[in-house]
Number of protein chains: 2
Amino acid sequence: MQGLFLEELSVGQSAELTRVVGAADIDAFAAVTGDNNPVHLDAAFAATTSFGERIAHGMLSAGYISAVIGTTLPGSGAIYLSQTLRFKRPVKIGDAVTARATITDIDTAKARVTLATVCLVNAKPVVEGEAVIMVPRKDA
Amino acid sequence: MQGLFLEELSVGQSAELTRVVGAADIDAFAAVTGDNNPVHLDAAFAATTSFGERIAHGMLSAGYISAVIGTTLPGSGAIYLSQTLRFKRPVKIGDAVTARATITDIDTAKARVTLATVCLVNAKPVVEGEAVIMVPRKDA
């Protein structure tokens, strides 16, 4: 189940996953986090806001970034040190969100890897940011 | 359902919520995000890692921060612009996580509010960072 080791990573490597956000996903995210903000849950309230309809929690998209890192690049074994998130556009029900992580820097001495992270809907960024992780060495 | 307006906020205002993380919460977070990293889900695998046992997704704690902002300070109506997250310690099953947000700056001209955000377990920070939000004006 071990993911990739530090020695198997290089700058420019990229991985992504795509999830279509359903109303049930937003409901489930609200239940597990306690974030019951009505802009996410209540269509009538959301219709009165600038968004015009229910939107997904920004942290749901952030969870997709975590999924790419934790399951694919580099996968399990890495330790999440930090993540920045800039929320650029809303995600609505039915949107296909592609979360992508691309390695931008590898600090071999510290075993730290930096990734540019973005979530896209219709090729436009909805969340942008940067992740820093610690990755195990093969010979450790 | 409208939350607090910009005019109702001041530097130093703080709000928090506490959630006890159950195994079912971690399972639900994995299901909704697709983050099936075995360190979160598989006790036998997790026992082989430096954590020694299953740990919660860092983004679950981030979701609690979103919950404080989206439901309490300032509550609905605010727009999430950005969040930084530094993951300091693991969160384990049974841990009571207190997510707290404290206003550190208000840019009245831009209607932007900055909050220091932290998640604590046994009074020790597990996640630290900063949120920036846009808050509606009462007279808008």
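Only heavy atoms go into these numbers, but all of them, side chains included; no hydrogens, no water, no symmetry mates. Letters A, B, ... are given to chains in the order of the sequence lines, protein chains preceding strands, and every chain is numbered from 1.
Of the listed residues B:A30, B:P38, B:A78, B:A28, the one with more heavy-atom pairs under 4.5 angstrom with chain A than any other is B:P38. Contact count versus chain B (heavy atoms, under 4.5 Å) is highest, among A:D25, A:L81, A:V39, for A:L81. When the candidates B:G70, B:G22, B:A62 are compared by the number of heavy-atom contacts under 4.5 Å with chain A, B:G70 comes out ahead. Among the candidates A:D42, A:I79, A:T33, the residue making the largest number of heavy-atom pairs closer than 4.5 Å to chain B is A:T33.
Note that OH of A:Y80 and CG of B:L85 are 8.0 Å apart. Values are rounded to the nearest 0.5 Å. Between the OG1 atom of B:T84 and the CZ atom of A:R86 there is a distance of 11.5 Å, given to the nearest 0.5 Å. A distance of 11.5 Å separates CG of B:N36 from OG of A:S76, quoted to the nearest 0.5 Å. Distance check, rounded to the nearest 0.5 Å: CE of A:M134 to CZ of B:F87 gives 14.0 Å.
Within the 4.5 angstrom heavy-atom criterion, no atom of A:A131 approaches chain B. Only the side chain of A:S50 comes within less than 4.5 Å of a heavy atom in chain B; its backbone stays farther off.
Across all non-hydrogen atoms, the minimal contact from B:G34 to A:T71 is O-CG2, 3.9 Å. Of all heavy-atom pairs spanning B:V32 and A:Y64, the tightest one is O-CE2, 3.8 Å.
With hydrophobic clusters built from ILVMFWY side chains whose heavy atoms lie under 4.5 angstrom apart, B:V135 shares a cluster with B:I69. Linking Ile, Leu, Val, Met, Phe, Trp and Tyr whenever their side-chain heavy atoms come within less than 4.5 Å leaves A:V118 and A:V132 in two separate clusters. Put simply, A:V21 and A:L41 are part of the same group of oily side chains (I, L, V, M, F, W, Y) that touch within less than 4.5 Å, one to the next. Both A:M59 and A:V121 are part of a single hydrophobic cluster, where members link through side-chain heavy atoms under 4.5 Å apart. Both B:I26 and B:V97 belong to a common hydrophobic cluster when Ile, Leu, Val, Met, Phe, Trp and Tyr are linked at side-chain heavy-atom distances under 4.5 angstrom.
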